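Remarks on the structure that follows.
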Amino acid sequence: MSARYKSYKYIEDLSKYDGQEITLNGWVYNKTGKGKLQFIQLRDGSGVAQCVVFKGNVSEEDFEAAKSLTQESSLSVTGTVKSNDRAPGGFELDVTSLKVYQIADEYPISPKEHGDAFLIENRHLWLRSSRQHAIMRVRSVIVKAIRDFLDNSGFRLMDSPILTPNACEGTSTLFETKYFDLGNAYLSQSGQLYAEASAMALGRTYTFGPTFRAEKSKTRKHLTEFWMVEPEAAFFDLEDDMQLAEDMTVYIVKQVLANCEKELETLERDIEPLKKIVGGFPRMSYTEAVEWLQENKVPLIQKVDGVEKEIHPFPWGEDFGTVQEEALMEQFDQPCFIYDYPTEVKAFYMKRDPENPKVVKAMDMLGPEKAGELIGGSQREDDHDLLLERIQHEDLPLEEFQWYLDLRKYGSVPHSGFGMGLERTVKWITGAKHIRETIPMPRTIHRIVP
RNA sequence: UCCUGAAUAGCUCAGCUGGUUAGAGCAUCUGACUGUUAAUCAGAGGGUCCGGGGUUCAAGUCCCUGUUCAGGAGCCA
């Protein structure tokens, strides 16, 4: 068998074929005609190219076929690549013949603007439009950047299970399913606990996969199914953890700037803020952040019986909401770490500060430009008895955590890790308005189709 | 779960203090044009005004109710 696929030509390489006769395969992105001249904007997944069909240059049948093309009709076109200033992209195809695969039905997504609900209902078609196409390509580059960075830093991929026997952090609502004769299983909301076991085996590891949250969140930064990368490393303390998160973030942005120039242009993303992501991220302890909020008169907003109340000054011990995070971040144009959170507002597995048991060695990385929380991580509790105490305090099922406690019995070491939300990172870097634009088929509270 | 808002042609929307036969642009179809970039010009077809109830001589418009959707809070990545 010959490897026919290797001979296919793509629009992104069009300039390489200047003067040659080639065949392109794709879909009609747009079409305009002017009598004996037809302009087909052909889309092939790698780009869009203008194909010019002049009545005198093709057979009568081919010209009629070109005239009959509708938006998203599929075809192959053969012609000569010519440079032309009037063509978008600088090169066009002077068509000599064409083969139509299918004349498309009336396409619902016209080149005019559309509403959000309509587009998301037609997500399977919306993916073809230039903005969505660009975001998906950036997403792909970000995933590669993450994996390259970790692989090149000595981390090894160790996938975590998706079906789990319990709620990992014991807090948020999970999707539940039957599991043979063993009762209920839950879709994982984090691979972290398993990543800890992996780290004790391989040293530096990461898990990268889908995670599920059944919380009825309805905002532009929440999905019920999203992808998360979770590095976990033995012997890392919180300092190492933050430095790793910073280095990874800088690397991701650098790779996108280097490889996605066209995509960012399509998205009309101002790249100046991205160029500022060079490292040396500001760091603030939770206590320093609270002091800043107090000095700047940012209150705690609490709802009592449906009525919002502002509480001044912001009390130490309360977790930050969007209002506080955005206020804090207005000072910075790079991501910022906030670390050493109150024990009470954080998960049971986070390491208590031996010098101040009121706080745990946890950190959040907040993005600039109102990107919100991109990363959450911590040093993990490595003391068996303290961890047991926390598990009991949270009323978690002890039998199911026995294996997790074992990790503290057989050569326990300091270790740390974090989770980075892929879609939130894509949203920040691409400037997408809504997180559902950053994953091919978003799963949200009111929608599971398509 | 709570708060707020929305639903009119395939799509995006307009439709005033209730008043004749519900409008526009795009898309579709027909015709004209050798340089279009969301082409232009001429013409045509296309409606359960979200469902139900009510007020009124008269409801797309006002009231009640249901449904669906949106984004904000909470929760988090």
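Just so we're clear, the structure is a prediction, and the values are computed from it rather than from any experiment.
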Residue whose nearest RNA chain B nucleotide is more 5′ - Arg436(A) or Lys346(A) |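 By nearest-heavy-atom nucleotide position, the 5'-most residue is Arg436(A).
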5′-ward residue of the pair Gly56(A)/Leu223(A) relative to RNA chain B =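 The residue closer to the strand's 5' end, by nearest nucleotide, is Gly56(A).
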Under 4.0 Å between a Lys/Arg side-chain N and an Asp/Glu carboxylate O for Asp340(A) and Lys346(A)?
->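 Result for this pair is no, no salt bridge flagged.
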Indicate every side-chain donor-acceptor pair of residues 27-35 of chain A with a distance under 3.5 Å to a residue at least two apart or in another chain.
{"from": "Tyr29(A)", "atom 1": "OH", "to": "Ser130(A)", "atom 2": "N", "distance (Å)": "3.3"}
{"from": "Lys31(A)", "atom 1": "NZ", "to": "Lys67(A)", "atom 2": "O", "distance (Å)": "2.7"}
{"from": "Lys31(A)", "atom 1": "NZ", "to": "Leu69(A)", "atom 2": "O", "distance (Å)": "3.4"}

Nearest to the side chain of [X], which nucleotide is it out of [options]?
X         : options                : value
Asn30(A)  : A39(B), G71(B), A77(B) : A39(B)
Lys218(A) : C75(B), G35(B), G72(B) : G72(B)
Gln50(A)  : A39(B), U37(B), G74(B) : U37(B)
Phe226(A) : G35(B), G72(B), A77(B) : A77(B)

Base, sugar-phosphate or nothing for [X]? Non-hydrogen atoms, less than 4.0 Å.
X         : result
His434(A) : sugar-phosphate
Ile109(A) : nothing
Arg424(A) : base
Gly372(A) : nothing
Glu225(A) : nothing
Thr211(A) : nothing

Donor-acceptor pair under 3.5 Å, Gln38(A) side chain vs U36(B) base |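 Absent.
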Give each protein N/O atom lying under 3.5 Å from an N/O atom of nucleotides 9-12 of chain B, with the pair distance.
{"from": "C11(B)", "atom 1": "O2'", "to": "His114(A)", "atom 2": "ND1", "distance (Å)": "2.3"}
{"from": "U12(B)", "atom 1": "OP1", "to": "Gly115(A)", "atom 2": "N", "distance (Å)": "3.1"}
{"from": "U12(B)", "atom 1": "O4'", "to": "Glu113(A)", "atom 2": "O", "distance (Å)": "3.4"}
{"from": "U12(B)", "atom 1": "O2'", "to": "Glu113(A)", "atom 2": "OE2", "distance (Å)": "3.4"}

Can you name the residues that form a side chain to side chain donor-acceptor pair (under 3.5 Å) with Tyr404(A), not counting sequence neighbours?
->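 For Tyr404(A), the residues satisfying side chain to side chain donor-acceptor pair (under 3.5 Å) (neighbours in sequence not counted) are Glu196(A), Arg408(A).
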In residues 52-63 of chain A, what donor-acceptor pairs under 3.5 Å come from side-chain atoms, sequence neighbours left out?
{"from": "Ser59(A)", "atom 1": "OG", "to": "Asp62(A)", "atom 2": "N", "distance (Å)": "3.1"}
{"from": "Asp62(A)", "atom 1": "OD2", "to": "Leu98(A)", "atom 2": "N", "distance (Å)": "3.3"}

With sequence neighbours excluded, residues passing ring pair (Phe, Tyr, Trp, His ring centres under 6.0 Å) with Phe149(A) |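 Partners of Phe149(A) by the ring pair (Phe, Tyr, Trp, His ring centres under 6.0 Å) criterion, ordered by chain and then number, come out as Tyr251(A).
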Please name all residues satisfying ring pair (Phe, Tyr, Trp, His ring centres under 6.0 Å) with Trp316(A), sequence neighbours left out, ordered by chain then number.
->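 With sequence neighbours excluded, Trp316(A) shows a ring pair (Phe, Tyr, Trp, His ring centres under 6.0 Å) to Tyr286(A), given in chain and number order.
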Step by step, work out the side chain to side chain contact (heavy atoms under 4.5 Å, CB included) result for Ile22(A) and Thr78(A).
-> CA-CA 6 Å; Ile22(A) 64 165; Thr78(A) 302; over 6 Å; no
Roughly, in whole Å, what's the span from NZ in Lys216(A) to P in C75(B)?
->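 Taking atom P of C75(B) as the reference, NZ of Lys216(A) is at 17 Å.
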To the nearest Å, how far apart are Ile435(A) CD1 and G71(B) P?
->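 From Ile435(A) CD1 to G71(B) P: 12 Å.
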Pair listing, salt bridge (charged side-chain N to carboxylate O under 4.0 Å, His left out) test, anchored in residues 134-149 of chain A, at least two apart |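 Qualifying pairs, neighbours excluded: Glu12(A)-Arg137(A), Arg137(A)-Glu263(A), Arg139(A)-Glu423(A), Lys144(A)-Asp148(A).
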Face-to-face contact Phe39(A) to G35(B) six-ring, under 5.5 Å, under 30° =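 Per 5.5 Å and 30° rule: no stacking.
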Paired stems touching RNA chain B, three or more consecutive Watson-Crick or G-U pairs with both distances under 3.5 Å?
->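 So far as stems of 3 or more pairs are concerned, RNA chain B shows B:1-7 with B:67-73, B:10-13 with B:23-26, B:28-32 with B:40-44, B:50-54 with B:62-66.
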Which of residues 138-152 of chain A sit near RNA chain B, with a heavy atom under 4.0 Å from it?
->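 Contacting residues: none.
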Pull out every residue in residues 60-86 of chain A that has a heavy atom closer than 4.0 Å to any atom of RNA chain B, ordered by number, or say none.
->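 Residues of residues 60-86 of chain A under 4.0 Å from RNA chain B: Asn84(A), Arg86(A).
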According to the side-chain hydrogen bond (donor to acceptor under 3.5 Å, both in side chains) rule, which pairs have a member within residues 437-449 of chain A, sequence neighbours left out?
->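 Applying side-chain hydrogen bond (donor to acceptor under 3.5 Å, both in side chains) to every pair that reaches into residues 437-449 of chain A, excluding sequence neighbours, yields Gln132(A)-Glu437(A).
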Taking N or O atoms only and anything under 3.5 Å, show me the protein contacts with nucleotides 43-46 of chain B, one pair per line.
none

